[in-house]
Amino acid sequence: MDLDSSPLLFPWLRRGVSEIFPNVDDSQNPDENLTQRLVSSDRPLRIKLGIDPTGTELHLGHGIVFRKMRQFQDAGHTAVLVIGDFTAQIGDPTGKSEVRKQLTPEQVKQNAQTYLDQVRPILDFDTPGRLEIRYNSEWLSQLDLGKTLGLLGTMTVGQMLAKEGFAERYEKQTPIYLHEFLYPLMQGYDSVALAADVELGGTDQKFNLAVGRDLQRVFGQRPQFGLLMPILIGTDGSQKMSKSLGNYVGLQEDALTMYSKLEKTPDSLIRDYVELLTDLSLAQLPENPRDRQKLLALTVVSQYHGETAAIEAQAAALHLTQGNADAAEAVPEFSLAGVQFPVKLFYLVAATGLCKSSSEARRQLQGGAIRLEGDRVSAVDLSFDSAAELEGKVLQMGKSKFVRLVM
């Protein structure tokens with residue numbers, strides 16, 4: 001895919017990118033070529049990324065766009081991170097089959113702080129001029145009815161219904177509320193308020209980024225480029241990474257949990273994960289699939305927790321999953337021979353001694369402190385029909401209590 005010209009000038013620019021738009025050849029329109037803009041600009045470009053703090057936990061899929069933003073920072077440009085404290089109260093309707101639940105300002109503020117904490121290992125927060133953190137309530141809360149009507153007058157209902165999700169909802173007669181039509185216009189107006197040169201987003205955000213370009217033209221600004229990153233497939237290898245699907249690797253997870261999940265990445269996803277989540281050379285990946293998994297896990301954990309923690313996590317994972325001469329001492333075993341199946345997980349947690357009682361085990365499950373083979377389990381009523389389902393697996397409570405389940 002020909003995403004941009006002169007790739008040798010900026011090899012990092014195209015890595016892992018699904019689309020750069022517009023992508024017009026230099027000879028046709030030099031002003032519409034991102035490489036030309038990077039070469040000819042007499043100032044650092046303003047690289048915009050908007051995030052609506054609608055939750056509390058980010059995962060590696062979210063980290064892809066932050067990594068691209070860091071590459072722009074390292075090239076000397078200014079990252080402009082827009083916290084959508086105003087737009088989060090509307091909720092992005094992209095791809096949604098029903099209206100999003102609106103958040104309170106207090107919820108948005110708390111979520112925003114957790115987001116900033118989680119992206120600190122990725123972005124350059126310290127070099128002067130490399131990062132601006134802005135809240136779009138600064139300008140959106142100042143829009144009066146006249147200005148809002150002016151924004152609405154830049155798009156037709158037909159254009160808005162072309163947005164992902166809206167047409168389907170309209171055909172199914174699922175309600176589409178007028179405030180949802182405001183969302184892409186307000187996100188686009190962020191680009192005007194910040195005079196963005198480039199906006200980053202996932203492939204599902206192309207409509208919103210294009211609205212930003214259109215509004216910049218309306219307000220007499222040079223239109224921004226859109227740079228779209230792919231949606232990361234989750235660790236199950238079949239669906240997009242999502243906390244609700246349980247196939248995610250959280251940015252704030254401890255080193256051992258992160259490593260344990262990544263070292264089980266399906267081989268079909270290894271190249272995509274390496275390209276999108278690391279700076280490793282694809283040409284130099286080990287031939288052995290197991291070695292590729294280990295290299296991926298070690299590299300990603302090093303990025304978020306440091307090299308020492310990553311090496312320690314790798315050693316701990318070896319103890320937990322493969323065993324060696326010291327494994328018996330490192331991880332105590334619990335025999336399943338005396339357990340009557342089917343059995344609820346909370347009962348099993350209590351029986352192993354990881355918790356003092358079944359009621360405590362239920363509370364720990366609800367709090368997300370119980371893991372099986374490195375994967376967090378929160379389903380309180382999860383049960384198992386036979387010992388064969390659990391044979392050899394490691395049950396974990398918190399960060400330091402482990403037990404291996406044996407027949």
Side-chain angles (χ1 to χ4, degrees), residues 12 15-16 57-64 66-67 70-71 74 117-126 232 234-235 237 241 247-267 269-333 354 368-376 392-404:
W12 53 268
R15 176 163 174 152
E57 188 169 1
L58 299 174
H59 54 62
L60 290 177
H62 298 121
I64 292 173
F66 290 105
R67 281 180 46 79
R70 176 58 185 264
Q71 291 172 350
D74 291 343
D117 292 341
Q118 291 170 72
V119 302
R120 187 169 288 275
I122 307 176
L123 295 179
D124 181 357
F125 277 71
D126 302 318
L232 190 67
T235 54
M241 183 171 286
N247 62 356
Y248 73 107
V249 180
L251 298 188
Q252 61 182 358
E253 291 186 314
D254 62 87
L256 178 58
T257 299
M258 186 178 283
Y259 185 93
S260 298
K261 289 182 177 182
L262 287 169
E263 74 164 351
K264 293 182 286 187
T265 302
D267 192 53
L269 294 180
I270 289 292
R271 292 185 67 85
D272 285 344
Y273 273 38
V274 168
E275 181 176 14
L276 296 171
L277 305 177
T278 79
D279 296 323
L280 294 171
S281 169
L282 293 172
Q284 296 178 353
L285 288 178
E287 293 185 8
N288 183 278
R290 185 63 182 143
D291 289 339
R292 289 198 292 267
Q293 289 175 314
K294 290 180 178 180
L295 177 62
L296 168 68
L298 187 66
T299 303
V300 174
V301 175
S302 295
Q303 292 170 180
Y304 290 94
H305 295 283
E307 185 176 359
T308 299
I311 293 173
E312 291 175 352
Q314 185 178 60
L318 181 64
H319 281 292
L320 295 176
T321 60
Q322 295 182 357
N324 55 35
D326 300 321
E329 296 181 10
V331 184
E333 295 181 347
L354 293 177
I370 304 299
R371 301 177 188 273
L372 185 64
E373 285 292 276
D375 295 326
R376 182 184 286 118
K393 294 186 176 180
V394 174
L395 191 60
Q396 175 185 353
M397 201 283 285
K399 295 184 178 181
S400 57
K401 294 183 177 180
F402 302 88
V403 65
R404 189 187 302 278

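Note that the numbering runs from 1 along the sequence shown for the chain. Below, all heavy atoms of this structure are taken into account, side chains as well, without hydrogens, waters or symmetry copies.
Asp272 pairs by the side chain to side chain donor-acceptor pair (under 3.5 Å) definition with nothing, not counting sequence neighbours. Applying the side chain to side chain donor-acceptor pair (under 3.5 Å) criterion to Gln118, with sequence neighbours excluded, gives no partner residue. Applying the side chain to side chain donor-acceptor pair (under 3.5 Å) rule to Thr257 yields the partners Asp254, Arg371; only residues at least two apart in sequence or on another chain are considered. Listed by chain and residue number, nothing satisfies the side chain to side chain donor-acceptor pair (under 3.5 Å) test with Gln303 (two or more places apart in sequence, or in another chain). By the side-chain contact (heavy atoms from CB on, under 4.5 Å) test, His59 pairs with His62, Met241, Tyr248, sequence neighbours left out.
Between Asp74 and Trp12, every side-chain heavy-atom pair lies at or beyond the 4.5 Å cut-off. Using a 4.5 Å heavy-atom threshold, the side chains of Val249 and Val300 count as separate.
Remark: the backbone N or O of Met258 is not paired with any side-chain donor or acceptor of Glu253 at under 3.5 angstrom. Looking only at distances, no side-chain donor or acceptor of Thr235 sits under 3.5 Å from a matching main-chain atom of Thr265. Using a distance-only test at 3.5 Å, with no hydrogens or angles considered, a donor-acceptor pair links the side chain of Arg292 to the main chain of Glu287.
For residues 298-312, there are no salt bridge (charged side-chain N to carboxylate O under 4.0 Å, His left out) pairs, not counting sequence neighbours.
The distance from atom CD1 of Ile270 to atom CG of Leu296, rounded to the nearest 0.5 Å, is 5.0 Å. Between the CG atom of Leu251 and the CG atom of Asp117 there is a distance of 11.5 Å, given to the nearest 0.5 Å. Once rounded to the nearest 0.5 Å, the distance linking CZ of Arg271 with CG of Leu282 reads 4.5 Å. In this structure, Phe66 CZ and Arg120 CZ are separated by 12.5 Å, a value rounded to the nearest 0.5 Å. Atoms CG and CG, from Leu60 and Leu276 in turn, are 10.5 Å apart once rounded to the nearest 0.5 Å. A distance of 7.5 Å separates CG of Leu285 from OG1 of Thr278, quoted to the nearest 0.5 Å.
Salt bridge annotation for Asp279-Arg67: present, with a cationic side-chain nitrogen under 4.0 angstrom from a carboxylate oxygen.
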For side chain to side chain contact (heavy atoms under 4.5 Å, CB included), just list the numbers for Leu262 and Tyr273, CA-CA rounded to whole Å, side-chain angles, deciding distance to a tenth of an Å, and then say yes or no.
-> CA-CA 9 Å; Leu262 287 169; Tyr273 273 38; 4.2 Å; yes
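Contact record, Gly63 with Tyr304: CA-OH, 4.5 Å, taken as the closest heavy-atom pair. Across all non-hydrogen atoms, the minimal contact from Ala316 to Leu256 is CB-CD1, 3.8 Å. Taking each heavy atom of Val394 and Arg404 in turn, the nearest pair found is CG2-NH1, 3.9 Å. Here the shortest heavy-atom pairing between Ala310 and Ser302 reads CB-OG, 3.2 Å.
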